[in-house]
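Treat the numbers as computed from the prediction; the structure is a model and nothing was measured. Hydrogens, waters and symmetry mates are skipped; everything else that's a heavy atom, side chains included, is used. Labels below follow one simple rule: chain letters A, B, ... track the order of the sequence lines, proteins then strands, and each chain is numbered from 1.
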Amino acid sequence: MNTPYSFDHNAFAAALQSTYSHLTDGEESGVVVKVAGRVMLMRTQGKLAFATLRDSSGEIQLFALAAVCEDFENFAKLHLGDWVGVTGEVVRTKRGELSVKVQSWVQLAEALHNFGDKWAGITDYDLRYRHREADLWANPASRQSLARRSDVVRSIRERCWAAHFTEVETPMLNAIATGAAARPFTTFHNALDSEFFLRIAPELWLKRLVVGGFERVFELGRVFRNEGVSPRHNPEFTMLELYAAYWNYEDMMAFTEELVAGVATDVLGTTEVEYQGRPFSFAAPWPRRTMAELASDAVGEEVSVHTARARLVELLNDRGVEVHASWGAGRCLAELFEVTCEESLWNPIFVTDFPVEVSPLARRHQGDPELTERFESYAAGRELSNGFSELNDPVDQRSRFEEQARLGAAGDLEAMRIDEDYIKALEWGLPPTAGLGIGVDRLSMLIADESNIREVIAFPTLKPLRD
RNA sequence: GCGCCGGUAGCUCAAUUGGCAGAGCAUUUGACUCUUAAUCAACAGGUUCCGGGUUCAAGUCCCGGCCGGCGCACCA
């Protein structure tokens, strides 16, 4: 294939559609433009040919007349999917379609495969995800969902910058996988002769930067968790984490709801949307309810982290949950909340005051040392964000890690390990600080009205093909 | 990892009770000077996901495997 190395393109389909909307049927503008894109449809009619050209902005018709169009015969033989660059006058055809009347054209690249059925596109999930490049042309909705994700990321960055957060990058290769409860991927560095883990969260590194004097930091990046794949889970996903010195969890809740509502406004122009056919509102402020309140409402009796463990176990068993011997009352309460409440939380809500037992990095609650100043926001029945007043006492942090180590020894594969470097960092002094984590893919799903996380990930993790 | 469902032409889909594997679009060829998913005519296109089995006969039934969707589990 002998094709050009460049094309001097100066117009986009969507811009032409709006700029020349005034042209009347059969009117010629006298303006010659150069457009480029893929031929998505071709209608030939003897000495005439009409092609639908699609570029990144939209579509415009190419109108070729044998008498005017250079090498008309081959133009009419272009395949659907071929890339072309076209020079021609902007006109409106007699039948009212804004078009570029082809004077000269060049095939920029050939499509050896087609882009699916003209009507149905490509529907096979395997083909769509393994060959997203084809899916993007075959299914405009796929392109829109990924574009929405990009808009979400841009909005997050701009809003964090506007609030004076510094964007930083921390290691993905970690000697200890920590900062969250999850199983890691492992890998090996040959020259250092050391095992490494892909990060499951950037949390501890970011707080070390706060110790170092970066008072407001954020990182927008990939984390990796060696867990199940589902419509709401991809093994690698994108997390926003941010930390603000001198804030507590109340301050961070206020920031979170403003951030998320702001992203919705930036991307969709409104906070009032439909998600999966149901009205959904991002509007701030979001209600705040404690975990104990919500669980109590759900089970019809007063429960809290101080309820007798045996009673919590009964309530869990009644709901088919098997309780492990290592779970204390705090873990039992958190489980009870998850099974009774989580799915019913539709519009965004902050669930607050998590038990210490399930929050090894969060600061104890000022009103109850068995609780932490921690919140999670829930939306559409799923966790959207997680944040807390950060534990900054190195002695308490060490005892929390030691408790985690006990759980690990007892077989909990997701328990954290003791991170001595992190404890030493806290010994240098972490000011009062609040932190936040938001699942960017989950947020993008809400914004793009997608129920499957793969629709907002360009190349989701798939099982490699084998024989 | 477990359960349920699915995999037929390049794409989207049919195929009755186990009885000749089909259509539309795309491709190829031809007709056509205003089409809009153009239209019309013709040709071609198959390891029915892979491997076994049952049967006179398997896309269809049985067993095993591969990949996907959904649910469960884990989690965000």
Side-chain angles (χ1 to χ4, degrees), chain A residues 25-26 39-52 59-69 72 76-81 91-99 101 111-131 134-135 137-139 179-184 200-201 222-241 320-322 335 338-339 342 358 376-386 412-414 437-445 451-454 460 462-467:
Chain A
D25 292 359
V39 173
M40 299 308 288
L41 295 169
M42 175 70 82
R43 302 172 288 278
T44 63
Q45 184 158 340
K47 298 280 190 282
L48 284 181
F50 303 89
T52 300
E59 294 183 347
I60 190 158
Q61 180 169 268
L62 303 177
F63 171 39
L65 261 170
V68 176
C69 176
F72 174 83
K77 287 181 184 167
L78 282 169
H79 284 171
L80 302 191
V91 303
R92 191 175 296 282
T93 60
K94 288 181 201 167
R95 293 292 180 87
E97 187 72 27
L98 190 73
S99 307
K101 189 172 174 184
L112 298 179
H113 305 290
N114 68 30
F115 288 99
D117 188 84
K118 269 200 282 196
W119 317 349
I122 297 172
T123 61
D124 182 75
Y125 288 105
D126 203 41
L127 182 58
R128 288 188 52 225
Y129 297 147
R130 287 188 200 279
H131 289 285
D135 174 47
W137 288 100
N139 302 308
R183 300 176 64 176
I200 57 175
R222 206 68 62 84
V223 297
F224 306 85
R225 298 187 184 177
N226 204 340
E227 289 161 352
V229 176
S230 87
R232 285 163 295 275
H233 301 84
N234 198 62
E236 50 178 308
F237 63 100
T238 299
M239 181 118 91
L240 167 70
E241 281 207 15
V321 179
E322 194 182 325
E335 294 288 335
E338 279 182 29
V339 298
E342 183 168 338
V358 295
E376 284 188 351
S377 70
Y378 285 82
R382 291 284 160 176
E383 184 185 340
L384 177 64
S385 72
N386 179 24
D412 184 344
L413 296 168
E414 284 145 22
I438 294 182
V440 173
D441 312 81
R442 292 276 177 85
L443 177 58
S444 299
M445 289 167 69
S451 62
N452 191 320
I453 197 168
R454 296 183 181 95
L462 295 173
K463 199 163 179 175
L465 292 176
R466 281 175 289 194
D467 292 332

Open item on the list: In whole Å, measure the gap between the C1' atoms of B:rU48 and B:rG22 for me.
Closed with: 12 Å
- [ ] Check the distance between B:rC34's C1' and A:Gln61's CD and give it to me in whole angstrom.
- [x] 8 Å
Open item on the list: Rounding to an integer number of angstrom, what distance separates B:rU60 and B:rC2 when you compare their C1' atoms?
Closed with: 28 Å
- [ ] Verify side-chain contact (heavy atoms from CB on, under 4.5 Å) between A:Asp25 and A:Thr93, making sure each step is shown before the conclusion.
- [x] CA-CA 6 Å; A:Asp25 292 359; A:Thr93 60; over 6 Å; no
Open item on the list: Distance check, C1' atoms only: B:rA38 and B:rG51, in whole angstrom units.
Closed with: 47 Å
TODO: Report the residues that fulfil side chain to side chain donor-acceptor pair (under 3.5 Å) with A:Asn226, sequence neighbours left out, ordered by chain and then residue number.
DONE: none
TODO: Determine: side-chain N/O of A:Gln45 to OP1/OP2 of B:rA38, distance under 4.0 Å, yes or no.
DONE: no
TODO: For A:Tyr125, answer base if it contacts any base atom (sugar-phosphate contacts may also be present), sugar-phosphate if it contacts only those atoms, and nothing otherwise; contact means non-hydrogen atoms under 4.0 Å.
DONE: sugar-phosphate
Task: Assigned partner base of B:rG46, Watson-Crick or wobble definition, under 3.5 Å - done: none
TODO: Provide the closest heavy-atom pair for A:Phe72 versus A:Lys47 in the form atom of the first, atom of the second, distance.
DONE: CZ-C, 3.5 Å
TODO: Look only at the side chain of A:Ser377 and the backbone of A:Ser385, and say whether a donor-acceptor pair between them is shorter than 3.5 Å.
DONE: yes
Task: 5′-ward residue of the pair A:Arg225/A:Gly96 relative to RNA chain B - done: A:Gly96
Task: Same-atom distance (P) from B:rA57 to B:rG19, integer angstrom - done: 14 Å
TODO: Quick one: label A:Pro464 by what it contacts on the DNA or RNA (base, sugar-phosphate, nothing), any heavy atom closer than 4.0 Å.
DONE: sugar-phosphate
TODO: Would you mind classifying the nucleic acid contact of A:Thr52 as base, sugar-phosphate or nothing, using non-hydrogen atoms under 4.0 angstrom?
DONE: nothing
- [ ] Remember a base hit wins even if backbone is also touched, and classify A:Arg130 as base, sugar-phosphate or nothing at under 4.0 Å, heavy atoms.
- [x] sugar-phosphate
Open item on the list: Tell me the interatomic distance from A:Leu41, atom CG, to B:rC25, atom C1', rounded to whole angstroms.
Closed with: 11 Å
- [ ] Report the distance from atom NE2 of A:His131 to atom P of B:rC67, rounded to the nearest whole Å.
- [x] 16 Å
Open item on the list: Counting only Watson-Crick pairs (N1-N3 plus N6-O4 or O6-N4) and G-U wobbles (N1-O2, O6-N3), all under 3.5 Å, who is the partner of B:rA31?
Closed with: B:rU39
TODO: In whole angstrom, give me the gap between the P atoms of B:rC4 and B:rG45.
DONE: 40 Å
- [ ] Searching all strands shown, indicate the nucleotide that pairs with B:rG24 (Watson-Crick or G-U wobble; both distances under 3.5 Å).
- [x] B:rC11
Task: side chain to side chain donor-acceptor pair (under 3.5 Å) partners for A:Ser444, two or more places apart - done: none
Open item on the list: Whole angstroms only, please: what is the CD1-C1' distance between A:Ile453 and B:rC70?
Closed with: 16 Å
Open item on the list: Measure CZ/A:Arg183 against P/B:rA73 and give the value in whole Å, please.
Closed with: 17 Å
- [ ] Measure from the side chain of A:Leu48, starting at C-beta and using heavy atoms only, and say which of B:rC34, B:rU36, B:rC72 lies closest.
- [x] B:rC34
Task: P gap between B:rC49 and B:rU8, integer Å - done: 6 Å
Open item on the list: Within the 4.0 Å heavy-atom criterion, would you say A:Glu383 contacts the bases, only the backbone, or no part of the nucleic acid?
Closed with: sugar-phosphate
Task: Those residues that, when tested against A:Phe224, pass ring pair (Phe, Tyr, Trp, His ring centres under 6.0 Å) (two or more places apart) - done: none
Task: Atom pair distance, as rounded to whole Å: CZ in A:Phe50 and P in B:rC32 - done: 16 Å
Open item on the list: Can you check the distance between B:rC32 and B:rA41, where both ends of the measurement are the C1' atom (answer in whole Å)?
Closed with: 12 Å
Mind listing the N/O atom pairs, protein and nucleotides 27-30 of chain B, below 3.5 Å?
{"from": "B:rU27", "atom 1": "O3'", "to": "A:His79", "atom 2": "NE2", "distance (Å)": "3.4"}
{"from": "B:rU28", "atom 1": "OP1", "to": "A:His79", "atom 2": "NE2", "distance (Å)": "2.5"}

TODO: May I ask you to say what A:Arg382 touches in the nucleic acid, namely base, sugar-phosphate or nothing, with a heavy-atom cut-off under 4.0 Å?
DONE: base
TODO: Would you classify A:Asn452 as touching base, sugar-phosphate or nothing, given that sugar-phosphate means primed atoms plus P, OP1 and OP2, and contacts are heavy atoms under 4.0 Å?
DONE: sugar-phosphate
- [ ] Verify the stacking flag for A:Phe237 against B:rA76: centroid separation must be under 5.5 angstrom and the ring planes must differ by under 30 degrees.
- [x] yes
Open item on the list: What contact category does A:Arg92 fall into here, base, sugar-phosphate, or nothing, at under 4.0 angstrom with non-hydrogen atoms?
Closed with: nothing
Task: Interatomic distance, A:Lys94 NZ vs B:rU33 P [rounded to whole Å] - done: 12 Å
TODO: Specify the separation, in whole Å, of atom CD of A:Glu227 and atom P of B:rC72.
DONE: 16 Å
Task: Listed partners of A:Glu97 passing side chain to side chain donor-acceptor pair (under 3.5 Å), at least two apart - done: none
TODO: Could you list the residues that satisfy ring pair (Phe, Tyr, Trp, His ring centres under 6.0 Å) with A:Phe237, not counting sequence neighbours?
DONE: none
Task: Pairing residues for A:Arg128 by the side chain to side chain donor-acceptor pair (under 3.5 Å) criterion, not counting sequence neighbours - done: A:Asp135, A:Ser142, A:Glu455
- [ ] Check whether any side-chain nitrogen or oxygen of A:Arg454 sits under 4.0 Å from OP1 or OP2 of B:rC70, and answer yes or no.
- [x] yes
Open item on the list: Counting only Watson-Crick pairs (N1-N3 plus N6-O4 or O6-N4) and G-U wobbles (N1-O2, O6-N3), all under 3.5 Å, who is the partner of B:rG68?
Closed with: B:rC5
- [ ] Under a 3.5 Å limit for both distances, which nucleotide forms a Watson-Crick or G-U wobble pair with B:rC61, could you say?
- [x] B:rG53
- [ ] Output all residues satisfying side-chain contact (heavy atoms from CB on, under 4.5 Å) with A:Asp412, sequence neighbours left out; order by chain, then residue number.
- [x] A:Arg331, A:Leu407, A:Glu414, A:Ala415
Open item on the list: Tell me whether A:Asn139 contacts the main-chain N or O of A:Ile122 through its side chain, where contact means a donor paired with an acceptor under 3.5 Å.
Closed with: yes
Open item on the list: Base contacts versus sugar-phosphate-only contacts with protein, heavy atoms under 4.0 Å: please encode nucleotides 3-14 of chain B as B, S and - from 5' to 3'.
Closed with: -------BBSS-
Open item on the list: Are there over 12 heavy-atom neighbours, none belonging to A:Arg183, within less than 6.0 Å of that residue's CZ?
Closed with: no
Open item on the list: Categorize A:Lys463 for me: base, sugar-phosphate, or nothing, with a 4.0 angstrom heavy-atom threshold over every strand shown.
Closed with: sugar-phosphate
TODO: Take the angle between the ring planes of A:Phe50 and A:Phe63 and call it parallel below 30°, perpendicular above 60°, tilted in between.
DONE: parallel
TODO: Pick base, sugar-phosphate or nothing for A:Leu462, based on heavy-atom distances below 4.0 Å to the nucleic acid.
DONE: sugar-phosphate
TODO: Among B:rU33, B:rG71, B:rA76, find the nucleotide with the atom closest to the side chain of A:Arg442.
DONE: B:rA76
TODO: Rounded to whole angstrom, note down the P distance from B:rC56 over to B:rA15.
DONE: 28 Å
